[in-house]
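Read through the structure below, which is laid out as structure tokens, and then see the notes.
Throughout, a chain's letter reflects where its sequence line sits, starting with A, and its residues are numbered from 1.
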Amino acid sequence: MDRAYYVTTPIYYISGNPHIGHAYTTIVADVLARTSRTFRPTFFLTGTDEHGQKVANAAAAAGKSPQEWCDELVPRWKALFAAYHIEYDDFIRTTETRHVEKVQRVFEHLRESGDVYRGKYEGWYCVDDETFWLESKLVDGRCPTCGRAVQWISEEDWFFRLSAYRDRLLEYFEHNRDWVQPRSVYNEMMVFLREGLDDLSISRTSFDWGVPIPGGGVIYVWLDALLNYITAIGWSEDEARFRTYWPASVQLVGKEIARFHTIIWPAILWALSETAPEVVFAHGWITVDGQKMSKSLDNAVDPFSLADRFGADAMRYFLLREAPLGSDFSYSEEKIAQRRNSELANDLGNLLQRTLAMLQRYRDGIVPGRKGSSALGGRFEPLPAIVRARIFALRFREALEGIWELVTALNRAIDERKPWELHKQNRADELDAVLYDLCEGLRWLAILLHPFMPERMSEMWRQLGTPERIDEDWSSSLRAWGGLAPLTQTAPAAPLFPKLDTIAQT
RNA sequence: GGCUCGGUAGCUCAGUGGUAGAGCAGGGGACUCAUAAGCCCUUGGUCGUAGGUUCAAGUCCUACCCGAGCCA
């Protein structure tokens, strides 16, 4: 049995409604988790980050308590993930008791070990970004990131002795050159480390929406948030479960929060005598015309509307096929429609349709027996291992390109072997061989594409009529070409991806 | 101001010193099982700019320009 696989998304800060970028990160995690579940224990965690002054302010502006605000927003995130066919194993909220009590336990633990100490903090603080700024970095006295006013904070705080972990971090980075990806982010973190680290203030006294600290104040929201990755899997509570999943196999983060996850987070883990995650992958942003989506620009796209109009599975396919995971991606609705029509409707959907139509016409929809060996089988038997490797390397584009070679090969096989002529000439054995190859190829496609497009591939599976599960271990379901049982009764074809009118660009 | 990454065909990208590639889009063709889909053929690039190293540079070096980002 392979070691368990643990994948996390960031927990999303619920100061507003979710956008397509949140769906994107979570879809990536879902593809990894669905692929992994076919052959090993897997845990996929997502959730919401609910503490901090920004949430408290947003709630106050809406005339609600912070808890009420969060309770009303969380269902929207869960609805988003449901709309995109995302199957997480757990959804953690940082306001849940199971999280809060462990965060307090971490604090006590670090105080006892000396990694947390009392000190005085003075400086500029941006409430919206939950970030401290040096005076020199301010732009016209305002936050350089969001442009909003900053506050002068002067208080007795608790500090985390981050500086003590600098050498260990440097050594870790030097010996694990792929642990932070992509390389551009790794390089920037190395530069940051070389410049030196200050201790980190981890308490706040100016507001109270957070995890309470004994003796007063609340814990800095970033420390609170980072800990979700271990509190959700039973740290300090269920040792066996925690050891099964930790360290995380892949932690997906946005590039703007890479520093928290690759410098502060490992240091905290080491202070707790735990190990750092195996890989932190910082993905880029989805942009509209090159601009990051934001409420202030009013260019955010409603992710529910996109799923409605283009189909959730088509959106999943589009994002993983077209967006380069490690850098920004400028999306457009024209591109989505283009991919959906040419690759999903024309290449794949039509392949299923024409195959089932011929099977219906020539063989009453019943899969014929195998007739000898298959050149297609010989060519594509290595494919599952290739696809799996590319998925876990987070090279989704290449995984899908590999799968599409099979789509193209099946379409080509129809044109080259001309089943309609074989039928007219009563060459039954040859016709059977072609039809079997096509059905078997479609079965492979449904299995290989299921992690990417779970709902549509389940429909394809239904039409193919095979009784097995679509998400079995590939090492059995795709062990060899020929796994599809003869005499399987297929269903009448129904378009998998009806073609959309191409959207005119203004 | 220092640094990182990127700038290759209309679009999205691959190419990690040895005669410029893929998919899509565009053009042409033969076919008909099919969501006028698929298949075959094909137009198209002075590889951001200028120098340099090398028998040979998209690939290495230097400077600069543009884009994104990290830090001060």
Side-chain angles (χ1 to χ4, degrees), chain A residues 131 133-139 144-145 180-198 254-260 262-263 282-287 289-292 318-332 334-363 365 390 395-398 400-405 407-424 431 434-435 438 442 492-502 505:
Chain A
T131 306
W133 296 109
L134 292 173
E135 175 105 31
S136 60
K137 181 136 194 212
L138 300 178
V139 176
T145 303
V180 176
Q181 296 182 53
R183 181 49 52 92
S184 55
V185 173
Y186 172 92
N187 288 343
E188 289 191 344
M189 295 305 114
M190 277 298 273
V191 169
F192 187 83
L193 279 173
R194 290 203 180 95
E195 288 172 350
L197 294 177
D198 293 327
K255 63 182 180 180
E256 76 282 5
I257 56 173
R259 187 159 56 89
F260 293 98
T262 62
I263 291 177
H283 63 73
W285 295 324
I286 295 184
T287 65
D289 299 326
Q291 289 186 305
K292 189 185 181 187
F318 169 74
L319 290 169
L320 292 168
R321 174 64 183 77
E322 183 129 348
L325 188 60
S327 51
D328 290 355
F329 171 63
S330 183
Y331 118 110
S332 81
E334 188 182 28
K335 286 180 185 170
I336 301 170
Q338 172 61 42
R339 285 275 179 198
R340 178 184 156 115
N341 282 345
S342 78
E343 287 164 23
L344 298 181
N346 295 350
D347 292 349
L348 178 61
N350 184 54
L351 171 64
L352 175 68
Q353 180 112 337
R354 65 200 296 215
T355 297
L356 291 182
M358 286 190 285
L359 192 64
Q360 188 67 47
R361 181 178 300 192
Y362 305 141
R363 291 293 181 264
R390 289 177 179 174
R395 302 203 308 251
F396 302 107
R397 179 202 303 268
E398 293 171 47
L400 288 167
E401 282 172 351
I403 294 170
W404 240 253
E405 287 180 24
V407 174
T408 299
L410 293 174
N411 272 319
R412 185 180 294 134
I414 294 175
D415 285 275
E416 286 176 349
R417 298 169 77 178
K418 300 180 174 58
W420 49 94
E421 286 189 4
L422 297 176
H423 179 252
K424 282 179 201 158
L431 179 57
V434 178
L435 293 175
L438 293 172
L442 286 165
L496 216 49
F497 297 96
K499 213 152 172 187
L500 301 175
D501 290 335
T502 304
Q505 288 295 91

Using Watson-Crick or G-U wobble geometry with both distances under 3.5 Å, which nucleotide pairs with [N]?
N      : result
C39(B) : G29(B)
A9(B)  : none
C64(B) : G48(B)
G1(B)  : C71(B)
A56(B) : none
U16(B) : none

Can you measure [X] atom [atom1] to [N] atom [atom2] for me and round it to whole angstrom units?
X       : N      : atom1 : atom2 : result
I336(A) : U12(B) : CD1   : C1'   : 14 Å
E416(A) : C40(B) : CD    : P     : 7 Å
D347(A) : A37(B) : CG    : C1'   : 9 Å

I want to check something: taking the side chain as every heavy atom from C-beta on, are [X] and [Y] in contact at a cut-off of under 4.5 Å?
X       : Y       : result
K335(A) : R339(A) : no
D347(A) : F497(A) : no
M358(A) : V434(A) : no
L500(A) : I336(A) : no

Considering non-hydrogen atoms only, spot the tightest contact between A493(A) and Q353(A) and give its length.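 Closest heavy-atom pair between A493(A) and Q353(A): CB-OE1, 3.9 Å.
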Grab the two heavy atoms, one from L351(A) and one from V407(A), that are nearest each other, plus how far apart they are.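 That closest heavy-atom pairing would be CD2-O, 4.1 Å.
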Could you go over nucleotides 5-7 of chain B and give all protein N or O partners under 3.5 Å, atom names and distances?
{"from": "C5(B)", "atom 1": "OP1", "to": "N187(A)", "atom 2": "ND2", "distance (Å)": "3.4"}

Return the OG1 to CZ distance between T262(A) and R259(A), rounded to the nearest 0.5 Å.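 Separation between the atoms: 9.0 Å.
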Report yes if at least one side-chain N or O of [X] is closer than 4.0 Å to OP1 or OP2 of [N]; otherwise report no.
X       : N      : result
R361(A) : A34(B) : yes
K499(A) : A37(B) : yes
R259(A) : C71(B) : yes
Q338(A) : C24(B) : no
N350(A) : G38(B) : no
R354(A) : U35(B) : no

Using atom [atom1] in both nucleotides, what's the gap between [N] and [M] to the nearest angstrom?
N      : M      : atom1 : answer
G38(B) : A25(B) : P     : 8 Å
U49(B) : G6(B)  : C1'   : 16 Å
U8(B)  : G44(B) : C1'   : 13 Å
C13(B) : G28(B) : C1'   : 27 Å
C3(B)  : C61(B) : P     : 15 Å
U42(B) : G23(B) : C1'   : 16 Å
C64(B) : G7(B)  : C1'   : 14 Å
C47(B) : G58(B) : P     : 7 Å

Please tell me which of V407(A) and A357(A) maps to the more 5' nucleotide of RNA chain B, matching each residue to the nucleotide holding its nearest heavy atom.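 Here A357(A) is the residue nearer the 5' end.
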By the 4.0 Å heavy-atom rule, please label [X] as base, sugar-phosphate, or nothing.
X       : value
T355(A) : nothing
L496(A) : base
F497(A) : base

Of the listed nucleotides (C31(B), U4(B), C24(B)), which one gets closest to any side-chain atom of W420(A)?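 Ranking C31(B), U4(B), C24(B) by closest atom to the W420(A) side chain puts C31(B) first.
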When you measure from the side chain of N346(A), which nucleotide among C11(B), C3(B), A37(B) comes out closest?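 The nucleotide sitting nearest to the side chain is A37(B).
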Taking N and O atoms by type only, does the side chain of D415(A) place a donor or acceptor under 3.5 Å from a partner on the base of G38(B)?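 Under the 3.5 Å cut-off, the side chain and the base do form a donor-acceptor pair.
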Salt-bridge criterion met for E421(A) and K418(A) (N-O under 4.0 Å):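 Salt bridge absent between E421(A) and K418(A).
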For P498(A), does its backbone N or O pair with a side-chain atom of R340(A) as donor and acceptor, under 3.5 Å?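 Yes; at least one donor-acceptor contact below 3.5 Å.
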